[in-house]
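Below is one structure, written out as structure tokens, with a few remarks after it.
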2 protein chains.
Amino acid sequence: MPKPEVDPTVQLELSVDRSSPVPLYFQLSQQLEAAIEHGTLTPGSLLGNEIELAARLGLSRPTVRQAIQSLVDKGLLVRRRGVGTQVVHSQVKRPLELSSLYDDLEAAGQRPATKVLVNTLVPASAEVAAALNVAEDSDVHRVERLRLAHGEPMAYLCNFLPPGLIDLDTGQLETTGLYRLMRAAGITLHSARQSIGARAATTEEAERLAEEAGAPLLTMQRVTFDDTGRAVEYGTHTYRPTRYSFEFQLLVRS
Amino acid sequence: MPKPEVDPTVQLELSVDRSSPVPLYFQLSQQLEAAIEHGTLTPGSLLGNEIELAARLGLSRPTVRQAIQSLVDKGLLVRRRGVGTQVVHSQVKRPLELSSLYDDLEAAGQRPATKVLVNTLVPASAEVAAALNVAEDSDVHRVERLRLAHGEPMAYLCNFLPPGLIDLDTGQLETTGLYRLMRAAGITLHSARQSIGARAATTEEAERLAEEAGAPLLTMQRVTFDDTGRAVEYGTHTYRPTRYSFEFQLLVRS
DNA sequence: GTAGTCAGATTGTCCGGACATTCCGATTGA
DNA sequence: TCAATCGGAATGTCCGGACAATCTGACTAC
């Protein structure tokens with residue numbers, strides 16, 4: 001009589017380098033994540049108890065727990081008291097993160113192209129001033145870009161930035177994303193407020209995106225903050241829904 | 001000469017109850033969160049160093065760190081090595097979480113109403129079978145609902161669920177949300193894959209939502225998994241973009 | 001045979017300490 | 001006056017241990 005299928009405890013080849021400056025818990029979590037990604041740790045398999053795992057690696061239990069916890073936070077592992085820690089079954093991709101459209105497209109293998117339409121200083125409108133928390137009519141950067149994939153327009157991006165944060169070089173804007181430029185300028189992105197909606201295209205919008213007037217457009221507005229709480233970017237984007245949609249994975253925060 | 005404005009270290013009245021079954025770190029993090037919410041801890045203010053905070057509360061440093069870490073993960077606090085821990089400036093609302101439209105509307109103070117259009121068992125189509133990971137043509141629940149706010153239709157929700165998980169009572173479906181029913185049935189929601197897009201309304205869709213054919217609609221597809229990796233729900237939703245948009249806050253994963 | 005009970009296993013919480021790393025301001029030197 | 005150096009202060013990492021809470025499976029009693 002066949003035994004019921006039980007997820008086995010997997011024996012992994014794990015090791016840490018104590019002379020490395022990389023934290024031990026991080027080395028361990030990276031190895032575990034790689035094993036999950038690679039399929040060595042199959043979904044549903046038990047990870048083995050923390051005490052024994054710590055002993056095998058010559059680490060303390062808190063260190064092992066810290067490594068496991070980081071993967072639990074990523075949604076790759078599930079802990080059950082009295083049972084153990086196992087790999088989740090579902091195919092977890094990347095959870096929704098604060099990424100730029102440019103990075104998204106590049107990761108999807110579509111060589112993105114950017115055409116800078118406008119790159120200038122303008123006085124802040126009431127809407128922009130409120131979003132960026134600056135005085136109305138004070139100077140702000142205004143950048144309008146058209147993002148293309150495979151030569152087809154995909155999105156129209158209009159962004160406002162407070163002055164003095166970053167120098168916006170048109171050439172750089174055409175070869176990389178705005179977020180990458182901000183990170184390179186030493187800005188630590190912290191959070192963003194987003195709003196995703198839809199509306200019919202105006203004649204202007206339709207022309208920019210090679211659609212027809214009245215065609216449905218996907219819209220996104222976003223204000224991004226750095227870790228000091230400053231608003232560092234306000235953007236109004238419109239996407240062609242036939243070419244782009246927002247795909248992401250959510251984790252339940254427990 | 002006026003001193004430069006420096007964010008002060010705030011003295012808070014904190015206490016923990018060691019006889020409570022609530023974990024100490026959780027008691028502390030809740031009090032800190034309440035103080036931030038209430039404005040007692042103002043944005044930018046320093047939290048005071050962990051060692052002294054632990055001594056004042058009669059706790060160990062790891063326990064205090066665990067409390068602080070949970071708030072850092074929520075985006076409410078920022079730690080800086082060599083400096084201290086301070087409250088984030090930006091108005092952090094709730095980060096995007098796996099919530100139901102029903103809960104969203106209720107939280108916004110709009111008494112949501114639900115009209116169940118269909119509640120039956122149907123054979124799974126190829127699309128549904130793939131999403132729920134069940135055999136094609138096997139029985140699955142099909143639920144179609146119209147969600148209204150202030151008497152106006154706001155969204156059309158079509159959901160599929162594998163059989164045996166939960167008994168779908170039409171009466172209950174009209175008075176609460178699907179997620180709440182699933183949680184009440186002992187299902188631990190873990191993650192969901194979502195896709196948000198837009199398209200023009202068909203004649204059918206337009207009629208359901210009191211729009212005109214060709215009007216832009218906001219669409220959302222979602223597969224939800226429980227912590228064992230089973231798909232527990234697949235949904236295809238259409239929203240009236242003039243009445244609803246997705247608002248949320250993102251945190252940068254560090 | 002069925003239901004309740006008990007024991008083992010595993011994670012959850014908490015402690016007290018140690019040293020490393022990083023940031024910032026103050027002191028020192030040119 | 002300005003720049004480099006130094007030291008204090010705070011968080012980051014890591015250890016070893018202890019007990020509690022919970023789940024599973026096996027045993028026992030009816």
Round to the nearest Å and state the distance from B:L46 atom CG to D:dA9 atom C1'.
12 Å
A:N119 side chain to A:L168 main-chain N or O, any donor-acceptor pair under 3.5 Å?
yes
Protein heavy-atom contacts under 4.0 Å, written 5' to 3' over nucleotides 18-26 of chain D as B (base), S (sugar-phosphate only) or - (none), form the string B--BBBS--
Between atom CZ in B:R79 and atom C1' in D:dT13, what is the gap in whole Å?
12 Å
Only distances under 3.5 Å count here; give the side-chain donor-acceptor pairs of residues 15-28 of chain A to other protein atoms, sequence neighbours excluded, each with its distance to 0.1 Å.
{"from": "A:D17", "atom 1": "OD1", "to": "A:S19", "atom 2": "N", "distance (Å)": "2.9"}
{"from": "A:D17", "atom 1": "OD1", "to": "A:S19", "atom 2": "OG", "distance (Å)": "2.7"}
{"from": "A:D17", "atom 1": "OD2", "to": "A:S19", "atom 2": "OG", "distance (Å)": "3.4"}
{"from": "A:R18", "atom 1": "NH1", "to": "A:G58", "atom 2": "O", "distance (Å)": "3.3"}
{"from": "A:S20", "atom 1": "OG", "to": "A:V22", "atom 2": "N", "distance (Å)": "3.0"}
{"from": "A:Q27", "atom 1": "OE1", "to": "A:D17", "atom 2": "N", "distance (Å)": "2.8"}
{"from": "A:Q27", "atom 1": "NE2", "to": "A:D17", "atom 2": "O", "distance (Å)": "3.0"}
{"from": "A:Q27", "atom 1": "NE2", "to": "A:V22", "atom 2": "O", "distance (Å)": "2.9"}

Whole Å only: how far is the CD atom of B:Q69 from the C1' atom of D:dT11?
11 Å
Under the criterion side chain to side chain contact (heavy atoms under 4.5 Å, CB included), I'd like the reasoning laid out for B:L77 against B:V87: C-alpha separation, chi angles, the key distance, then a yes or no.
CA-CA 5 Å; B:L77 297 178; B:V87 182; 4.0 Å; yes
Toward the 5' end of DNA chain C, which comes first, A:P62 or A:E50, by nearest nucleotide?
A:E50
What are the bounds, 5' to 3', of the part of DNA chain C that sits under 4.0 Å from heavy atoms of chain A?
C:dA9 to C:dT13
Between B:E174 (side chain only) and B:V116 (backbone N and O only), is there a donor and an acceptor less than 3.5 Å apart?
yes
Are more than 12 heavy atoms, taken from residues, nucleotides or ligands other than B:N133, located less than 6.0 Å from that residue's CG atom?
no
Between atom CG in B:N49 and atom C1' in D:dG8, what is the gap in whole Å?
12 Å
Going by distance alone, is a donor N or O of one side chain under 3.5 Å from an acceptor N or O of the other, for B:E247 and A:S195?
yes
Between D:dA9 (C1') and B:Q86 (CD): distance, integer Å
15 Å
Just to confirm, is there a sub-4.0 Å distance from OP1 or OP2 of D:dA10 to any side-chain nitrogen or oxygen of B:T85?
no
Hey, which of B:T224, B:L161, B:V223 is the one that makes side chain to side chain contact (heavy atoms under 4.5 Å, CB included) with B:V232?
B:T224
Between A:Y234 and A:F160, how do the two ring planes meet: parallel, tilted or perpendicular, split at 30° and 60°?
parallel
